[in-house]
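Here is the structure we will look at.
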Protein chains: 2
Amino acid sequence: MARKPEHKQSSADKALKVLDLFTEDFPAWTVEMLMKELDATRATTYRYVKVLYDAGLLATGAGSSYVLGPRIIQLDRQIQRSDPLLQIALPMLEEEKSPLIGSKSISSLYGDQVLSVYVEKCDLDIFLTMQRGRVFPLVYGAPSRIILAHLPPYQMKNFYIANAEDIACAHLGETWEDFRTSMQRLRKQGYCIGSEINPTVVGISAPIFHDKSAVSASLSYVRRLEITSDAQKAELAELVVAAADRISKQLLSYRPERGTRGPVFTTPRMSV
Amino acid sequence: MARKPEHKQSSADKALKVLDLFTEDFPAWTVEMLMKELDATRATTYRYVKVLYDAGLLATGAGSSYVLGPRIIQLDRQIQRSDPLLQIALPMLEEEKSPLIGSKSISSLYGDQVLSVYVEKCDLDIFLTMQRGRVFPLVYGAPSRIILAHLPPYQMKNFYIANAEDIACAHLGETWEDFRTSMQRLRKQGYCIGSEINPTVVGISAPIFHDKSAVSASLSYVRRLEITSDAQKAELAELVVAAADRISKQLLSYRPERGTRGPVFTTPRMSV
DNA sequence: TCGGGAATCTCACTTATTGAGATCGACACC
DNA sequence: GGTGTCGATCTCAATAAGTGAGATTCCCGA
């Protein structure tokens, strides 16, 4: 779950924590800098770096610095090639040519977060903030919320218990009953509409299931807010729900090929 | 360097070796399967998995399996956003609109391998095998060879010593002198042309420098072989060399912004 | 609420990790 | 091609982990 800091001390943990330092603002680190940051000796720092370097997760950069390594790009390609959702959805989305659609995107549920895994720009004048790799909490944005609304009951309950405040802040319900009914309403509607993430656009998201009653992702169609009428919103909603349903249908009958040992869907884990 | 199997035993090494198992053909593993593969006990296997899971490099998949995790996609996004090469090259490539170009791609040098980091399809009828994330040895394919030809002397020498057989097989020279002259010829030509990787296309690659006399990547323009005349090859070569030069010029004057602590170029390491 | 299976915990035992300094070797300059 | 400069690795004793087998807990679907 990559977010809760553990107090367990294991050398692999500590080595992997080095990866956390490579943020957008600090993409390159020298060993000296890492030593200070990790509060470790030179030898230990070099050992951590070596482990990650040998795994290809780090690479040497200019000026005796280290940067994120080539293995990450390779693994990302592997995910894209082995993800049945993308394999099925991308060809289907290519056939969807309605001029109403300014952008199409797919978001996947990972643990208690939602990750954008695919973004396509159709309207060249649209300004997009969504990007493959962006992460959102389950309460924030239409792509997340429509997934949240379709979680199995016990997971939703657990999520509520652990995130009651965030849910209240997001106006999704002051109490468990409130929350449950608002989620029920979303489920009945079949889609979620909003401009939360990017105020210049309106996004409409529909759930994608990889198993009956097991949500795994959401499909979103986006359009510039200023040029969108209510009727168009309704039409977009129909389109996105229909497309998501088609993708779900295909996913349900998906059988891996080429020696693949099993399905590659992710399942949430809602531990508190 | 991610490829040479080490005989050193460290727990972090062993945990990270689990990642190697997640190939395209086996994208999902259960703990039982991992136990057999790693020849480890259940407890140990779970410990390895937990480390990677907590780091976000693995995620739970359907059927109590594990798959590659969301962190990889996030980190890939971070690389794309902090790589000065892509930041500079992509806007420049967007302006390059010659109809001769069927595809544009950028490959980066990592260690002694070359990784494709950007691929754009211009001609909709072209069949592309190149993809972001594909890795090639330095001797294989035009994008690699033009980089190889521009390595600093000591690195080229080291590479020759370590890879004399591969170099001979690739007809790049039977001896060090042979090799050196053939590389010299490539440098003088300024580009490398070939159809090695994908026999249905012709690709022309030019080197990109992030520092005078320090090659870091190559730019390739690709066109369907069957529709390409010799004159067009020459024109493409001119185009790609000119574009690569422009990118190099920009890279030389690149100064990071926004608190970035240093340059984010990768430098090769040619240890034998 | 309950059952089956996945994931974690416990503890004795074994083995790797750590830190300080010496040493090695890749790379740049001439 | 030779030589100097750090960046990276090695050495060794002391320390603190990792490991394995089984019991246990927890998750999640009915």
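In the text below, chain A, chain B and the rest are named by the order of the sequence lines, each starting its count at 1. All figures in this text were calculated on a predicted structure; none of them were measured in a lab. No hydrogens, no waters, no symmetry mates; every other heavy atom, side chains included, goes into these values.
Residue contacts shown for A:R42 are absent, as no nucleic acid heavy atom lies under 4.0 Å away. A:K14 comes within 4.0 angstrom of the backbone, heavy atoms only, and of no base.
Salt-bridge annotation for A:D54 and A:K50: present, with a side-chain N of the basic residue lying under 4.0 Å from a carboxylate O of the acidic one.
A sub-4.0 Å separation between OP1 or OP2 of D:dA21 and a side-chain N or O of B:T41 is absent. For A:S10 and D:dA17, the shortest distance from a side-chain N or O to OP1 or OP2 is not below 4.0 Å. Note on B:Y66: a side-chain N or O is less than 4.0 Å away from OP1 or OP2 of C:dA7. A close approach under 4.0 Å does not occur between any side-chain nitrogen or oxygen of B:Y48 and OP1 or OP2 of D:dG18. The shortest distance between the side-chain N/O atoms of B:Y154 and the OP1/OP2 oxygens of C:dC27 is not below 4.0 Å. Phosphate contact (OP1/OP2 of C:dA7, side-chain N/O of B:Y46, threshold under 4.0 Å): present.
DNA chain D is contacted by both A:S11 and A:S64; A:S64 maps to the nucleotide lying nearer its 5′ end (nearest heavy atom per residue).
A:F136 and A:Y140 have parallel rings, their planes meeting at less than 30° on a 0 to 90° scale where 60° marks the start of perpendicular.
Two end axes, each from the C1' atoms of five base pairs, can be drawn for the helix from C:dT1-D:dA30 to C:dC30-D:dG1; they diverge by 80°, to 10 degrees.
For the pair B:K157 NZ and C:dA26 C1', the computed distance is 16 Å after rounding to whole Å. Look at NZ on A:K50: it is 13 Å from P on C:dT17, rounded to the nearest Å. The separation between B:N158 atom CG and C:dC27 atom P is 7 Å, rounded to whole Å. Atom CH2 of B:W29 is separated from atom P of C:dA6 by 17 Å (rounded to the nearest Å). What separates CE of B:M35 from C1' of D:dG22 is a distance of 13 Å, to the nearest Å. Distance CG (A:D112) to P (D:dC27): 14 Å, rounded to an integer number of Å. Put simply, CZ on A:R47 is 9 Å from P on C:dT17, counting in whole angstrom units. The nearest whole Å value for the distance from the CE atom in B:M156 to the P atom in C:dC27 is 14 Å.
Taking the ring centroids of B:Y66 and B:W29, they lie at or beyond the 6.0 Å cut-off.
A:S205 is linked by a side chain to side chain donor-acceptor pair (under 3.5 Å) to A:S220, counting only residues two or more places apart in sequence or in another chain.
No more than 12 heavy atoms of other residues, nucleotides or ligands lie within 6.0 Å of CZ in B:R42, so this atom counts as exposed by the packing criterion.
Here the rule is side chain to side chain contact (heavy atoms under 4.5 Å, CB included) with B:L172, and of B:I167, B:L186, B:D166 only B:I167 fits it.
Counting heavy atoms from C-beta on, the side chains of A:L138 and A:F159 come closer than 4.5 Å.
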